[in-house]
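Worksheet: one structure, shown below.
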Amino acid sequence: MPALDLHRLTPEFVRNFEPYIPSQPDPELMRLYRIGHLHRLNNNENPLGPPPLAREVIARFPPPRAGIYPSGDSWYLRQALGRRFGLDPDQILVGNGANEVITFVIKAFCQEGDNIVTADRTFAVYEWVAKFSGFEARLAPLKDFGFDDEALLRLIDRRSKIIFICNPNNPTGTWWDQERLERFLEAVDGQQIVVLDEAYCEFVDRPEFPDGLQMLARHPNLVVFRTFSKMYALAGLRVGYLAGSREVVDTIRRTCVVYSVNALAQEAALAALADDAEHLAATRALVAREKAYLLEELGALGLPVQHGEGCFMMIRLPLSDTMAYRRLMQRGIMIRSMTGFRFPNWIRVSIGSHLAMEAFIAALRGILPGRS
Ligand SMILES: *Cc1c(COP(=O)(O)O)cnc(C)c1O
C-alpha cells in the first residue's frame with residue numbers, strides 16, 4: 001500500500017480547524033437518551049411549519065421531476081424575489097441555504113493574507129468559513145450583548161474585505177436601527193463589503209428596524225442575506241439567498257456552484273413567498289405569546305435572560321450548559337448549549353409551541369439545583 005502523506009497534502013489552516021460536529025438524527029438521540037418524544041428547540045425552527053401553498057407544492061411534487069436537473073440559477077424564484085422587493089433579479093443569488101451564500105461571498109473577495117471582520121459572539125459560520133479557507137477572522141467583542149460599531153471599525157485594516165453584521169443578532173437578539181446602520185456604512189465608506197445577515201428580519205415588527213434590501217440602491221458595497229429556513233420553515237429543503245448591487249453580485253456569481261439549489265426547494269420557496277401574509281402574522285403572534293410566557297416563568301425561577309428580536313432566547317443557568325444539555329435531553333428537550341459560542345453557562349432556546357414551552361419549563365425546573 002502506498003504511504004499517504006496527508007500532512008503534506010493538507011493546508012495548515014485546514015489541519016488546525018476543529019470540525020463542527022452536528023447532532024445525531026432524532027431517532028438515534030432518542031435511543032441514546034431513552035426518551036419517547038423529543039422537542040427540538042435548538043435550531044430556531046418555526047413550530048407552525050411551512051405556509052399552506054408551500055405544503056401543497058411539497059406534497060404534489062411529481063416524482064419524475066427528481067430525475068431532471070433544476071433551474072441552475074433559480075430563475076423563477078429570483079424573478080419572484082425581484083418583484084417582491086423591487087430588485088432586478090440579477091441582483092439576487094440563491095444558494096443551498098444562507099450558509100452556502102456565506103461561502104460564495106468569502107470566495108469572491110478574499111485571497112491570501114486577507115481578513116474578515118465580525119463579532120466574537122454571533123452566528124459562527126462567518127468565522128468558520130473564513131478560517132477553514134485560510135483567512136483571518138477578526139472578532140470584535142459584543143457590547144451590551146450587541147454588535148459594537150466602534151470596535152468593529154477599529155479592527156478594519158487594508159486587508160479587511162468583508163464585515164459581517166447579523167441583524168438581529170443570533171444568539172443575543174440585539175439589533176441596529178436604521179440610523180445606526182447608516183452611520184456605520186458611512187464610516188466604512190465603501191472600503192469593504194458589508195454583509196447584513198437578515199435571517200430573522202421577518203420576525204421583527206418595528207419601524208426603526210432597517211430593511212437592508214431597500215438600502216441597496218444607496219450602498220453599492222452592501223450585501224444582504226436572507227433565508228427560507230426560519231420564518232418560512234423550509235430549513236430541511238435548504239434555500240437562502242443574497243442580494244446586492246449589480247456589480248457586486250456579478251462578481252460573486254463567479255464563485256457560485258450552479259444547480260446547488262434543488263427543484264423542490266425552488267418551488268416550495270416560490271410558493272411560500274406567494275402566500276405568506278397570514279403565515280407571517282400567525283408566527284409573529286405565536287412568538288410574542290410564547291416569549292411572554294417564557295419570560296414570566298423564567299422570572300419566577302430567577303434565571304437571567306437575554307433576548308430581543310427573533311424566535312429565540314438565551315438563559316443563564318447556575319450549572320454548566322453542557323450538563324444542562326444532557327439533563328434536558330433526558331427529559332426530552334433539545335436546546336443549544338452555548339459554550340461553543342463563547343457563552344459558557346448559557347443556553348439558547350427556540351420559541352416553540354405552547355406545549356413545547358411548557359415541557360421546556362417543566363424540564364428546566366427539574367434540573368435546577370436545590371429543586372426537584
Ligand atoms: C439559520 C441562520 C442562517 C442560515 O440559514 P440557512 O438554513 O443556511 O439558510 C444564517 N444566518 C443566521 C444568523 C442564522 O441564524
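Read the numbers this way: they start at 1 and go in the same order the structure lists the ligands and their atoms. All heavy atoms count here, side chains included; hydrogens, waters and symmetry mates do not. This chain uses plain numbering: 1 for the first residue, then up along the sequence.
Contact annotation: A235 has no heavy atom less than 4.0 Å from any atom of ligand 1. Taking 4.0 Å as the cut-off, E100 does not count as a neighbour of ligand 1 on heavy-atom distance. Residue Y200 places a heavy atom under 4.0 Å from ligand 1.
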| request: Determine, step by step, whether Q192 and V117 satisfy the side chain to side chain contact (heavy atoms under 4.5 Å, CB included) criterion, reporting the C-alpha distance in whole Å, the side-chain angles of both residues, the deciding distance to 0.1 Å, and the verdict. | output: CA-CA 10 Å; Q192 279 78 32; V117 175; over 6 Å; no
| CA sep, side-chain torsions, deciding dist, call: N221, H219, side chain to side chain contact (heavy atoms under 4.5 Å, CB included) | CA-CA 5 Å; N221 62 325; H219 298 284; 4.0 Å; yes
| task | Begin from the C-alpha positions of F145 and F343 and carry the test side chain to side chain contact (heavy atoms under 4.5 Å, CB included) through to its verdict. | result | CA-CA 11 Å; F145 291 98; F343 275 111; 3.7 Å; yes
| task | Could you walk me through whether I156 and Q191 pass the side chain to side chain contact (heavy atoms under 4.5 Å, CB included) test, one step at a time? | result | CA-CA 10 Å; I156 296 172; Q191 297 304 296; over 6 Å; no
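For a threshold of 3.5 Å applied to N or O pairs, the pair formed by G97 and ligand 1 contains no separation below that value. Polar contact with ligand 1: absent for N96 (N/O pair, distance under 3.5 Å). In terms of N/O distances under 3.5 Å, ligand 1 is not approached by Y126.
Side-chain atoms of S260 and E100 form a donor-acceptor pair, as typed in the model, at a separation below 3.5 Å.
Taking the ring axis of F341 as reference, the NZ or CZ atom of R121 does not stay both within 45° of it and closer than 6.0 Å to the ring centre. Cation-pi geometry between R226 and F85 is met: the NZ or CZ atom falls under 6.0 Å from the ring centre, inside 45° of the normal.
Ring centers of F123 and F164: at least 6.0 Å apart, outside the cut-off. For an aromatic pair to be called close, the ring centres must be under 6.0 Å apart, and H39 with F360 fails this.
Atom 5 (O) of ligand 1 has as its closest protein heavy atom T227 OG1, 3.7 Å. Of all protein heavy atoms, the one closest to atom 4 (C) of ligand 1 is A98 CB, 3.8 Å. The protein atom (non-hydrogen) at minimum distance from atom 14 (C) of ligand 1 is K230 NZ, 3.0 Å. Atom 11 (N) of ligand 1 has its closest protein heavy atom at D197 OD2, 2.7 Å.
Annotation for ligand 1: atoms under 4.0 Å from non-hydrogen atoms of C166 are 13 (C). For ligand 1 and A199, the ligand atoms under 4.0 Å from any heavy atom of the residue are 11 (N), 12 (C), 13 (C), 14 (C). Taking every heavy atom of S229 and a limit of under 4.0 angstrom, the matching atoms of ligand 1 come to 6 (P), 7 (O), 9 (O). Near R238, the atoms of ligand 1 lying under 4.0 angstrom from a non-hydrogen atom of the residue are 6 (P), 7 (O), 8 (O).
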